[in-house]
Structures are given as C-alpha cells and as structure tokens.
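Every chain is numbered from 1, with letters handed out A, B, ... down the list of sequences.
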Amino acid sequence: MYNEKVMDHFSNPRNVGEIEDADGIGEVGNPTCGDMMNIYIKVKDGILTDVKFKTFGCGAAIATSSMITEIAIGKTIEEALEITRNDVAEELGGLPQVKMHCSNLAADGLHAAIEDYRNKQNIKK
Amino acid sequence: MYNEKVMDHFSNPRNVGEIEDADGIGEVGNPTCGDMMNIYIKVKDGILTDVKFKTFGCGAAIATSSMITEIAIGKTIEEALEITRNDVAEELGGLPQVKMHCSNLAADGLHAAIEDYRNKQNIKK
Amino acid sequence: MKRIYMDHSATTPVDSLVVDAMLPYFTDKFGNASSLHSFGQEAAQALEQSRQQVANSIGAKPEEIIFTSGGTESDNLAIKGVAYRNSRKGKHIITSTIEHPAVLSTCAYLEKEGFEVTYVAVDSDGIIDTEELEKSIRDDTILISVMHANNEIGTIQPISDISKFAKERGIYLHTDAVQSLGKIAVNVDELGVDLLSISSHKIHGPKGVGALYVRKGTPLQTLAHGGGHERHMRAGTENISGIVGFAKAVALADERIVDDAKHMRHLRDLLINKVMNSIDNAYLVGHPTKRLPNNVNIRFSFIEGESMLLFLDMKGIAISTGSACSSKSLEPSHVLTAIGLKPEDSHGSLRITLGKDNLQEEIDYVAKALVEIVGHLRAMSPIAGKNPSLR
Amino acid sequence: MKRIYMDHSATTPVDSLVVDAMLPYFTDKFGNASSLHSFGQEAAQALEQSRQQVANSIGAKPEEIIFTSGGTESDNLAIKGVAYRNSRKGKHIITSTIEHPAVLSTCAYLEKEGFEVTYVAVDSDGIIDTEELEKSIRDDTILISVMHANNEIGTIQPISDISKFAKERGIYLHTDAVQSLGKIAVNVDELGVDLLSISSHKIHGPKGVGALYVRKGTPLQTLAHGGGHERHMRAGTENISGIVGFAKAVALADERIVDDAKHMRHLRDLLINKVMNSIDNAYLVGHPTKRLPNNVNIRFSFIEGESMLLFLDMKGIAISTGSACSSKSLEPSHVLTAIGLKPEDSHGSLRITLGKDNLQEEIDYVAKALVEIVGHLRAMSPIAGKNPSLR
Ligand SMILES: Cc1ncc(COP(=O)(O)O)c(C=O)c1O
Ligand SMILES: Cc1ncc(COP(=O)(O)O)c(C=O)c1O
C-alpha cells in the first residue's frame, strides 16, 4: 500500500517528541477524524533550528509528520511557509490517493506552529 | 443419467425390427417431438407370440421400446392391455423424471398395435 | 477405455500450467485482497496483475475489467447493468434470436420488468441480419447485445459492422465473446464494443471465473451489493486463485492462438469431410467459413441426437447435441430453430467442439464411430425407410 | 521472517486436504455438469454429493441448497430474492445496524427501489435489541435479516428467539452465517431460519464459492438468469472444483469443530488476558461470552489502528482494524459506531481472529509485540498524555 520511503519514515520516524521550550506549537486534526498532529518548532534568526512532532494517526500521518520535520529543519520561516501538503507527499514518493487529504496534515501543522510562533513574537513586542 | 438396466436395453435392444406379416401395427409419437415408435405384434390364440419395434428417439424411447417387447411377449391381449407406461418405467428400474412423459410411449404403442389387430379382426369377421 | 473429449464449447480441462499458477494462492498466498497486511497485499497485487493480463489480451485498460463468477454473470451484469442505469433514456434493447440463454433469459426477465426487446433474426447459416437490426433501432434503444460467436453452431457475427450504427446512434453495444476468446481475435476496439463478456472455463481456465469489459464512461448499475470490491461494480471477496488461473489461461491462449486455431481448423475440416463422405443425409449446420475453428455441427436425418450421444459416450467420445431430448426444457435448440431447421432435423444434430489437444487419430476414431452408430440407429429407425442410407 | 496469520475472519488458508479434493476436478474430471456424457455425469455427481454434504452439515435437504459465488452473492440473493418475490405482500424489511456490507448495501439499494428498511439497534456488547425488533414488525414486513455472528466483534445473535416472532407473524427470516459456520453450531431448524448464507473461504475452503440455504416453500426471485442451473435459481456453469472444495471444507469443519473451537477459545482467552494484564487503557470490544471462539477485538486508547496494524505486519503478524484509516470509505467501522464507541475509540480497535492452526507460542509472540507497539505509538501520541500508560 505505502511505498518504501513512506514505510521508512513510518517505522523510523525522525524527530519524534516534544520540544519543552518550543517557540511555536501547531495543533491540527483531531482524534475523531483519526488524525491529530502536534508540531513543535525552535526558531533562531528566522531559521527553524529544530522541529519535532507528536502524532496520533495512521501510517501516512506519521510518515508525513516525520518528513515535514526533515524538510523544515534549516529552512527560513518564509521558506517553511511555502511547503505545501503536496510537497510533503512528493518528497515521500507519493501517497495512496485515499490518504492525500485526511492524513496529510503535516504542512498545516508546521504552518500552525509558525503562526503560533509569530503570535507569541507579536505579544512579546 | 440412465440406470444400468435402461442402458442395457438401450445398447442391446431386444426384438428390434419389423414383422413382415404383423397382425397389428402401432404407430405413436412423431419425429417433430423427437420420439416415434412402431410396434409390431403377432397374435395366436389371443396371445402375443411375437413383438418387435422400430424407434426413432432418445435413450429412454429405445429402452422402453425394447422393454415393452420383453414384457408383452407371451402375454394375453387382455394382460397386455393392462400394461401401463409406469409398468414399463418400473420394470426398467426407473427413468429420469424428465423422461417419464415424452419418451415413455412404448405402452401406448403396444396398445395401438393391439387396437390395430382388433380392428383388422373385426374387418375379417 | 480411451476417452476422447470433443465438447470444448461446454467446458475445457484446466491447463496444468494454469493449475500450477493457481496452487500458491490456495495455501500460501491466500490473503484477502482487501486486507492491509502483507498477506492481503500479495493477493491485491496478484489481482491487479491478473487484471492487467486480461485487459492486455483484449486491448482494454485494466480499470475497464470487472471480474465476475463467469460468463453468465458477465452477461447479466452487462445487460441489466446498462438497462437499469439507462432506463430513463429508453427501455428498448436489441439482441439476436441465437444468443446464449444467459443473454436471452436476462432479456426475457427485463421484458417482465417493463423493457422492450427486439430479437433480430439470423439467416440459415446463423448470421444476423444487420439490415433488420439497423431498422429495428428506435429512439429509445439503449443497448444492442449480439454474441461474437455462437456456442452451438460456431457462427461468427459481424460485430464491427453493428458497432458502426450503434456508435452513430449513441447506443451501447455488448458482445458475448465467451466462445470466441482464445479461438479468434478478440479486441474491444476492433470490435467497437462497449461491453464484452468472457469466461475462464472455456479457455482451459478454472470454472467460476469470468470478466466483463466495460468501456470507460459506460454507465452501469451494480448488481452485487456489498463491500466496495471491483471499484464498487461487483461486491464479493475476490476469487484470487480463480482470477490468477483465468489470467494465466488468457496468457497461454494469447501465446498459442495462431498455432492452436490452425490445428483445430485442420481437424475440423478433416472431420467434416470424413463424415460428409461416409454418411448420407448428413448436413453441415452453420456457416461454412464464418465459423469458429473448433466447431463442427452436423445433423443426421432419421435419427435422434441423444441416442447418438449415448452410443458415442459408450465408445468414450464426449460430444453434445441440439436435440430436445437432451435439454432440460425438452425443446429443440433455439439456435437450430432460429436458422430454420424443422424440429425433426434439430433432433438429429450433433455438436463436436475441438480443443487444442485433440489429435488427428481421434478424428479418425470419431468419424468411424459415427458411421457405425448412425448406421445402427438408422437400422432401428421407423422413418429411415427401407434403405438406411449409408454410402 | 516467521509469519503469523490471525485474520481468519477476513479469509483463511485453504486446507491441503481441500486442495487435494479439488485437484482432480481441474484436469481430469473437468466436465460441465450439464453435459450428458460421462465427463458431464462425473461432474454432476460431484455436484450433488457436495450439495448433500453441505446440506447435511446445516441440517437441510440437498434441494434447499443453492450454490453461489460466495457469501456476498448469497446475501444479495436472499434479501433481493425475497424482497422482489414478495413485494406484493409488503415492502418492509427489518435488519440490524451491525450487518455485513453485503446485507447493508443490499438493503440500502432496496430502499432506493422503494422498499422500507428498519435498522434495529444493538446494545453496547453488540447484541440486537429483540424487543425493539419485535416492535418494529409491521403488517407489511416481509423479511427479517439478522446475522448469526458478527464479523468484527464476533457477537452471536439470538436468532432462534427472533425466529419465534418471525414465525408467528409469517415473516421470512434470513441469517448471515458466514462467520459462524465451522466455529459454532449452525443448524437451520435449531435457528429456525428460512434462509441462511455461508461462504467457503471463511472455513478453509476456496474463495469464490458459497451457498444459500432456502427453506422449501420460500418464494425467491432468481437474480442470475441463464441456463437452468441450480433448479433455475442461479444460472451459470457450476464451479465444480470450487464446490467440491467447499464441501470438503464443510466436512472437515464438521469433524473438527469441537476440538478446534476449544483450541481457539483457549487461545482467545489467553490472548485477551495477556493483553489486558500488560496494557493499560485497553478494552475488550463485544460481548464477553456470547462471542465466536476465535474473535478477539480490543481497543487501545490514544493510538490508531492502521499504524498498529502496520507495525504488527512488520513483525509478520496479520490482523485487522476497525479504524477509518484502513477502510476505503474513511469512516470508522459501522459496527463499532453501532455499539456506541466514539470515533476516537473506534480508531484504536484491533480485530484478531484466530484459526485452528494458530499456536500458543504465537499468542505469546503477538501479546509481546502488542506491548511494544502500543508503547511505541503511545510515546508518539499527542493525546496519550505525559504518562503513556503501560503497566
Ligand atoms: C456464448 C456463451 N455465453 C455465456 C456462457 C455462460 O458462461 P458461464 O458458463 O461461464 O456461466 C456460455 C457457456 O455456457 C456461452 O457459451
Ligand atoms: C458476515 C459476513 N457476511 C458476508 C461476507 C461476504 O462473503 P464473501 O467474502 O464470500 O463474499 C463476509 C465476509 O466478507 C462476512 O464476514
């Protein structure tokens, strides 16, 4: 069903966990739908220095979470905001059609974390 | 489909042929229906001394023709008239349900031959 | 006793290579193709490879193939499927008088359901009257269903001609290719059909498997409801071993069709000539050339088919007959009636359908047996006359 | 890698004795059961012996068995067959909310066709509310269809109780016994049913074969039209090898059911206990005792079924889940919803269905694997809290 790359990210997910002192946290999805992701980011000088995730969901949900952390780390915030759901799926070599929507929330999660970061920055200002 | 006894009478039919100077001939069925029998009888002192047949038809038609000749030979005319279609089928150890009607004409053929014989007798008188 | 099987239009032995292909899917790769685990994925893969194989063979795309339980189900699905889904466009269906019961009974059922069916006649060779067919087209005609090759007399129909006016008028065209597959070319685009039925057990595959080709965009009502199998067109856990066997049989037929058809055609013509030359009052039934390479249908006057069949069977020879006495309905073959044979002539018909593995010596044996049996039965027949005509 | 198959409610490996029984019918006794010659008669005999075997097993008469292409077709035939044939008597059908899609989709289709269907609820264990069922009976109710045992949670329904008021009111009763056959007693008279569906591939027989029991005198509309097979109730060349295999599987199940059920029940309870004792926030789904001897259905909070399934698959273990993410519809299992589970709880359900050949050591292995995998996934879960609860 899933290709090898997806299975690799699913079975050896990169950057699992929480960041205790995260600069931003994105929460997307909900357990009712079967997919929920928390994305934690650390930002320094406008660059994502660390990205971690916690995910409740199917194989695709976990693999896309893992993949987005790999894609995002080292990117500027602006670059990170341009990452689309499709980019994540492509980077994984494709997802089953039926999984393209519900489980492919990782990009949304990252964007939500960045928004959270920006909101916090604004408050600090 | 057919039992052994039927197949025996079908493959080694008894008393096939015509009787040149038959005392009575019965013709029943017709080729359109797929079954047609001619029964020939010889009568002496009210007893069927010889019975022969010619049959166009399926396995059951040939087997019942053969069987009726065996049953009838040696019987009085009165006895022969009491032979029913069912008797023939029973004597053969049974026929497939679907064959009980159309192909089981032999008793009718014998009765027709006896009628023919009686008609001829009446004419002679 | 040696047994000679010459009833290949009824069914065929499964090729041993087909059995070999099937075996792993019973005990080893036995998964349900809907399951996500590796057992299931193995099955799903085999299913899609088989679909590809069958699609390739008839010039279709894999997603245009629906696997079914056989030719009968394929015919039912094609005809009812189109009829129910398009009944708002119209309720008129055209078919021929010589279709297989799977088509004719389905049409008869639809008539009870309020559809109208025109049964187009065939000529004395069994070829459909395309002019009559064209004339019978109405504004409310939604489907034409004409078989590719007939199962009794082997006549091949001009499907691509029919396709022309079906297309012009926007009418869906179905053909029952159950008998033609593996014997002559079957290509959905060359035939120009929207739906095409095939069956595994007629081409040395297992029984209980078939397929319906449905051209993309042809609206079809599902008949079997349940899990979303076969893209929601036919529910039921897929018969993987059967489907794998069917696909293997298709692959083998594709490889061998040229040689096999040549071999069967040779034997067919040999048998026809032998019988015609040695038995009087024997007539070839069906078209002399537009016929399947493996079909011999001959009728013998004065005698009845079932008794010939039984005597042949006692000699180990398996064939079939159009006689009423051999059918459950006690009617003579509707195909023989449709080509204008009188009942008494239909009763004396034999269908001998050859297979790739029949041998020339078997032809000799069968021809000899026929001389003997026809002679024996004619001698017993009250209508053969004084001169049972054996040359 | 060792592979452990524990998804026997999805499908089962074909028993090697079943394969042996089938093999002659591919290459040797390959005749068409409608043919009059010896090849055909061999097939016809095998067909009738198989029918006798299947009939015996469920306490039916041979002429009450219609062979089909599987459980789905049997369910379709039972429900549509009764509905269409009895629509003048009434157009109301009663079923349950936890039926297999073969029943539910068929009922949904009939609703579009103008029938009315009442879906009776089940309690939190998955047992049908017989009072509600009785109350839902109307004057125009023609059919009640309630499954014998559920395929997801294994719950066994009180069919013989339902039979009492079905009989009183002269309503036909159908039960889907696809999952119960071979696991618990299935007898048409004890159950008091008029129609009963079974399927071969769930009891170590081949896929693509099933049967419908139809009590004598039950009026049924044919769905597959064609040759007069199966006493005109189901057209299509009979799948002899498949039917012989099904009958053999039934015979083996009859011989072994007592021992096999005991063995499976033992393993089932062992697995349930092990999992419950080693994993927190794990809950048995379905009735604690009124359940199939081979069904384990457990849900784990905070994590999702498909990812459990995939990790188990990587360890060679094949099971199934009620999670939406594993279904084509992306809805969580309708059965789990019907017993009142919230979606987030359904997502975490696993179905483990045992077979006669599973071993105690496999149970140990699976239980261990589950501890590990549940732990791993909970550690990754944003909702498991700070304290991924592993005892
Ligand atoms: C022309 C034709 N159509 C349909 C069928 C039915 O196919 P099946 O036997 O697979 O149900 C047959 C064979 O019986 C056939 O010869
Ligand atoms: C309860 C139940 N009914 C019907 C079916 C359908 O049977 P089949 O897979 O033979 O089509 C299944 C299995 O999928 C089932 O579990």
Side-chain angles (χ1 to χ4, degrees), chain A residues 1-20 22 25-40 52-66 69 95-106 108-109 112-113 116, chain D residues 1 281 299-334 336-337 340-350 369 372-389:
Chain A
M1 192 175 62
Y2 294 122
N3 67 37
E4 266 180 47
K5 196 153 183 190
V6 175
M7 285 307 290
D8 176 39
H9 273 271
F10 167 69
S11 48
N12 305 299
R14 332 298 197 237
N15 306 305
V16 183
E18 300 177 20
I19 300 177
E20 289 292 331
I25 302 178
E27 269 193 42
V28 288
N30 66 64
T32 311
C33 297
D35 289 298
M36 183 178 171
M37 287 172 200
N38 287 4
I39 304 275
Y40 307 86
K52 281 193 157 36
F53 78 93
K54 279 204 151 186
T55 289
F56 160 87
C58 65
I62 291 173
T64 53
S65 305
S66 165
T69 64
L95 284 174
Q97 193 51 43
V98 69
K99 297 289 185 181
M100 282 305 281
H101 289 280
C102 58
S103 319
N104 192 359
L105 295 169
D108 304 3
D116 182 48
Chain D
M1 187 177 57
N281 293 305
R299 67 181 176 82
F300 301 91
S301 303
F302 317 131
I303 53 179
E304 191 275 335
E306 190 202 278
S307 36
M308 285 191 270
L309 184 153
L310 291 172
F311 275 119
L312 286 163
D313 192 39
M314 287 189 268
K315 291 182 183 289
I317 302 165
I319 54 86
S320 123
T321 167
S323 167
C325 298
S326 71
S327 83
K328 291 171 193 166
S329 66
L330 295 177
E331 295 286 332
S333 147
H334 69 282
L336 302 184
T337 305
L341 287 194
K342 282 177 284 181
E344 55 265 42
D345 291 332
S346 296
H347 294 310
S349 83
L350 287 191
E372 208 177 291
I373 291 166
V374 170
H376 175 66
L377 285 169
R378 282 183 177 168
M380 219 188 286
S381 170
I383 48 178
K386 300 294 167 210
N387 181 19
S389 24

Asker: Can you tell if the side chain of A:E27 reaches within under 4.5 Å of the side chain of D:P382, non-hydrogen atoms only?
Answerer: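 They are not in side-chain contact.
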Asker: What part of A:A61 lies closer than 4.5 angstrom to a heavy atom of chain D: side chain, backbone, both or neither?
Answerer: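 For A:A61, neither part sits under 4.5 Å from chain D.
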Asker: Please give me the minimum heavy-atom distance between D:H347 and A:T32, naming the atom from each residue.
Answerer: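 For D:H347 and A:T32, the tightest heavy-atom pair comes out as NE2-O, 2.7 Å.
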Asker: Distance check, rounded to the nearest 0.5 Å: A:T55 atom OG1 versus D:E304 atom CD?
Answerer: 11.5 Å
Asker: Okay, side chain of D:E306, backbone of A:G59: is any donor-acceptor separation there less than 3.5 Å?
Answerer: yes
Asker: Just give me the residue among A:C33, A:P13, A:S65, A:A60 that pairs up with chain D most often, heavy atom to heavy atom, under 4.5 Å.
Answerer: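 When all of A:C33, A:P13, A:S65, A:A60 are compared, A:C33 has the most.
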Asker: Restricting to non-hydrogen atoms, name the atom on A:F56 and the atom on D:I383 that form the minimum distance, rounded to 0.1 Å.
Answerer: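 Taking every non-hydrogen atom into account, CD1-CD1, 3.7 Å.
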Asker: Roughly how far apart are A:C58 SG and D:L310 CG, rounded to 0.5 Å?
Answerer: 8.5 Å
Asker: Could you tell me which portion of A:P96 (side chain, backbone, both or neither) has an atom closer than 4.5 angstrom to a non-hydrogen atom of chain D?
Answerer: neither
Asker: Please look at A:D35 and chain D and tell me whether the side chain, the backbone, both or neither of the residue comes under 4.5 angstrom of a heavy atom of that chain.
Answerer: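 Side chain of A:D35 only, per the 4.5 Å heavy-atom cut-off to chain D.
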Asker: Only counting residues at least two apart or in another chain, list the ones meeting side-chain hydrogen bond (donor to acceptor under 3.5 Å, both in side chains) with D:S320.
Answerer: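 Listed in chain order: D:R351.
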Asker: What is the distance from atom CG of D:D313 to atom CE of A:M7, rounded to the nearest 0.5 Å?
Answerer: 7.0 Å
Asker: Quick one: closest heavy-atom pair of A:G57 and D:S307, and the distance?
Answerer: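 Taking every non-hydrogen atom into account, O-OG, 2.8 Å.
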